[in-house]
2 protein chains.
Amino acid sequence: MQDQSEVSPCLALDAATPEVLGDDVIERLRAIAVQHGAVAAGTRIFRAGEPFRAIYGVRIGAIKAIRYDGTGEEQVVAFHLPGEFFGLTGIHSDHYVNTTVALERTAVCGLPYQRLFHVANEHPRLRRQLMRLMSGVILTEQDQYAAMAGHTADARLAFLLLDLRERMSRGGAPQDRLRLPMTRAELGSSAGLAPETTSRVFQQFRRRELIEASGRNIRFLDLAGLRRLAVPLTHPGHGTGRTTAA
Amino acid sequence: MQDQSEVSPCLALDAATPEVLGDDVIERLRAIAVQHGAVAAGTRIFRAGEPFRAIYGVRIGAIKAIRYDGTGEEQVVAFHLPGEFFGLTGIHSDHYVNTTVALERTAVCGLPYQRLFHVANEHPRLRRQLMRLMSGVILTEQDQYAAMAGHTADARLAFLLLDLRERMSRGGAPQDRLRLPMTRAELGSSAGLAPETTSRVFQQFRRRELIEASGRNIRFLDLAGLRRLAVPLTHPGHGTGRTTAA
DNA sequence: CAACCTTTTTGACCTGGATCATAAAAGCGT
DNA sequence: ACGCTTTTATGATCCAGGTCAAAAAGGTTG
C-alpha cells in the first residue's frame, strides 16, 4: 500500500478510491490524466491569473500555494502533499487564483477539467466522489482557519505539525518522524507568523521535549503533549479523510 | 431583481442561476426544497455532530457557523447571508461539523442531499453549477484565511466590512449602508479579535471618517480609504460571484 | 416606564509576537 | 572541500492587541 504514489497517483480521489470508483472509472481517469515529470524545487506549476484548465494532484513532493499580498510580500495559503489535489478554486473563477510552486523535487499530474467533467457525466460514482473531495477541501480550509484565528503561536504551530504529520503519513509513512518540505518562513507564513517566531517556538518545543528537530527533520517525542497544546479540532463523529486545495 | 429572496431563494445556486440552470431544473429543485418558516434569533439550524441530511440556503436573515474551542469558548467560523449556502462540509463527513445559529429572524430552506444528487444525476447543468458553487466556497474560505493571517486588526475588520457590504448588496440592497446582523463580539471572533479590539477599531474608523456607525448600523463614508486599509485580494482576471459554507 | 440584561465603549495595564540586527548553520554548486 | 547563498537561531526592543475592570448605552419584558 505504500506504492500508492506509483500506481494511481492522481486517481486517489480523496483517499478511498480504488474500491469506491471501480476499475473502469480508474481506467478512464488514467486515460485523461496528464502525467508531468518531476520538476525541481522552485518550479511554478501555475500562476495566479492564468486561465483555468486542469486540477492537479500531487504524486510525489510538495506544493505551496501562495498569494502576493499588496506589498509584494509572499503569503502562503496552503501546502499540498502527495495524494492531495489543488487548483480547485479555478473551477469557480475560470482562472487560477493562487500561484503554486514546488517546494522540493515534485511530480504532479493534471486532470483537464472539461474531460474530467465528461467522464463524470457517465459515472455517478465519480460525481459523488468529486463532491466529497470538494467538501473535504472546504472542511480542511475551515479547520485551518479555526485553528489559526485567535490562538497563540504555540497552538498554531502545534496544530500545523500534527496536521502535516497526519497528511504525510497517509501513504503509510513513518508516523513519528517527519521531513518538512518547507522552510520555517513558509511554515510561519501559512500560520500568519514571522519566521523568527516560528524558529523560537520550535526551540521551545525542543526544550519542552515535545519534538526533536534538526533542520527540517522532525521527530515527535510527545504527541499527547503537542495535542494538548494545539487547538483541538472537535470534529464530532468519525475520523475522516483529508484533502487540500489551491 | 430585488425580489430574488422571494422568488427562487434556495435556488440561487451561486448567483447566476435562472438562465444557467433552465426552468425545468429550477422546478425540480423547488420540488425537493424544504422551505422552513422564519425562526427567531438564536435558533439553531443544526448542531455539530448531527448526521448530515441536507445543505441549506439562506433566504432571509443571517446565520453564523460556530465551533466550540476546547474551553467551551465559541468561535465564529463563518457568516452566511441571503443567497448563500451552508452545511456543505457535511457531504464529506456525513456529519455537520459546525453548529449553525440564526443571528436574527431568519428563514432557510433545505435541499436534502440525496435528492439533490438525484436531480443532478439527470441534469449536467446542475452538476456543473454545484461544482462551481463548491469551488466558490473554497475560494471564499481561502480569501478569508489570507485576509486574516498575519494582518492587523484594522486590515481584518476593513476587509470584513467590505466583504459583508458586498455580500449584503447582492440582491440589490443599498450599497452605502449596512445593518450588521451580528454583535461586535461575533464579528471580532470571526476575525480572531477580542470584542474590545473590535469596538476600538470601529471608533478609529469613525474618527478617520471611514464609516459612520451607530450600533449595528453602518454607513460607508470613504470606501477607497477602507479598501486601502483592507488586505487587497489580488484576484486576477474578472469579478466573480461569491458564496459561503458551514 | 422601570428594572433588567445584553451589548458597546473606554481606560489602564501587560504580554505575545513583530521587528531589527547579527551571528551561526546548513545547503549547494563547482 | 571551499566559498557563497539561503536558512535558522538568538538577543534586544517595541508596540498591537489581549485582558481586566467598569461605566454607559441599548433593548426587552413585565
Side-chain angles (χ1 to χ4, degrees), chain A residues 40-43 62 64 69 71 73-76 101-105 148-161 179-208 211-218 229 231, chain B residues 40-42 62 64 69 71 73-76 101 103-105 148-161 179-208 211-218 229 231:
Chain A
T43 309
K64 67 173 173 181
D69 158 317
T71 67
E73 266 311 297
E74 170 180 320
Q75 149 97 355
V76 175
V101 180
L103 288 168
E104 53 189 19
R105 188 164 179 74
M148 301 299 113
H151 297 280
T152 64
D154 309 1
R156 297 184 194 194
L157 285 176
F159 173 85
L160 270 185
L161 284 180
R179 167 143 191 104
L180 295 176
M182 73 290 284
T183 68
R184 300 275 188 278
E186 288 161 338
L187 196 62
S189 166
S190 88
L193 299 174
E196 295 93 328
T197 305
T198 310
S199 184
R200 275 187 255 264
V201 172
F202 264 74
Q203 291 314 91
Q204 184 206 321
F205 284 177
R206 280 194 264 226
R207 267 195 308 277
R208 297 221 244 163
I211 63 171
E212 211 170 68
S214 70
R216 298 190 182 184
N217 291 86
I218 306 290
L229 250 177
V231 184
Chain B
K64 67 173 172 181
D69 157 318
T71 66
E73 266 312 297
E74 170 179 320
Q75 149 98 354
V76 175
V101 180
L103 288 168
E104 53 188 20
R105 188 163 180 76
M148 301 298 115
H151 296 279
T152 64
D154 309 1
R156 298 184 192 193
L157 285 175
F159 173 85
L160 269 185
L161 284 180
R179 168 146 191 103
L180 296 176
M182 73 290 285
T183 67
R184 299 277 188 278
E186 287 161 338
L187 196 62
S189 167
S190 88
L193 299 174
E196 296 93 328
T197 305
T198 310
S199 185
R200 273 187 257 264
V201 172
F202 264 75
Q203 291 313 91
Q204 185 205 322
F205 284 178
R206 280 195 265 226
R207 266 194 308 278
R208 296 222 245 163
I211 63 172
E212 212 170 69
S214 70
R216 298 189 181 183
N217 292 85
I218 306 289
L229 251 178
V231 184

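Below, all heavy atoms of this structure are taken into account, side chains as well, without hydrogens, waters or symmetry copies. Residue numbers start from 1 in every chain, and the chains themselves are labelled A, B, ... in the order their sequence lines are given, proteins ahead of strands.
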### Message
Regarding B:Gly192, tell me which of base, sugar-phosphate or nothing describes its non-hydrogen contacts under 4.0 Å with the strands shown.
### Response
sugar-phosphate

### Task
Let me know the distance between CD of B:Glu186 and C1' of C:dT8, rounded to the nearest Å.
13 Å

### Query
For B:Arg156, which of B:Leu193, B:Leu187, B:Leu161 qualifies under side-chain contact (heavy atoms from CB on, under 4.5 Å)?
B:Leu193

### Query
So, B:Arg184 side chain and B:Gly215 main chain: donor-acceptor pair closer than 3.5 Å or not?
yes

### Task
Please tell me if the side chains of B:Met182 and B:Val76 come closer than 4.5 Å, counting only heavy atoms from C-beta onward.
no

## Note on the structure
Between CZ of B:Phe205 and C1' of C:dT8 the distance, given in whole Å, is 17 Å

### Task
Let me know the distance between CZ of B:Arg179 and C1' of C:dT7, rounded to the nearest Å.
12 Å

### Query
In whole Å, what is the span from the CZ atom of B:Phe202 to the C1' atom of C:dT7?
13 Å

### Message
I need the CD-P distance between B:Glu104 and C:dT7, as an integer number of Å.
### Response
14 Å

### Query
Contact class for A:Thr183 vs. all strands (heavy atom < 4.0 Å): base, sugar-phosphate, or nothing?
sugar-phosphate

### Query
With no angle test and no hydrogens, is the base of C:dT19 tied to the side chain of A:Arg200 by a donor-acceptor pair under 3.5 Å?
yes

### Task
Give the first and the last nucleotide of DNA chain D, reading 5' to 3', that has any atom under 4.0 Å from a heavy atom of chain B.
D:dG17 to D:dC20

## Note on the structure
5'-most contact on DNA chain C (nearest-nucleotide basis), A:Arg156 vs B:Ser199, goes to B:Ser199

### Query
DNA chain C: A:Thr152 or A:Asn217, which has the more 5' nearest nucleotide?
A:Thr152

### Query
Which value, rounded to the nearest 0.5 Å, describes the distance between B:Gln204 atom CD and B:Leu157 atom CG?
9.5 Å

### Query
Within the structure shown, what part of the strands sits under 4.0 Å from B:Gln203 by heavy-atom distance: base, sugar-phosphate, or nothing?
sugar-phosphate

### Message
I'd like to check B:Glu186 versus B:Val101 (side-chain heavy atoms, cut-off strictly below 4.5 Å). Are they in contact?
### Response
no

### Query
Do A:Glu74 and A:Lys64 meet the salt-bridge criterion of a basic N to acidic O distance under 4.0 Å?
yes

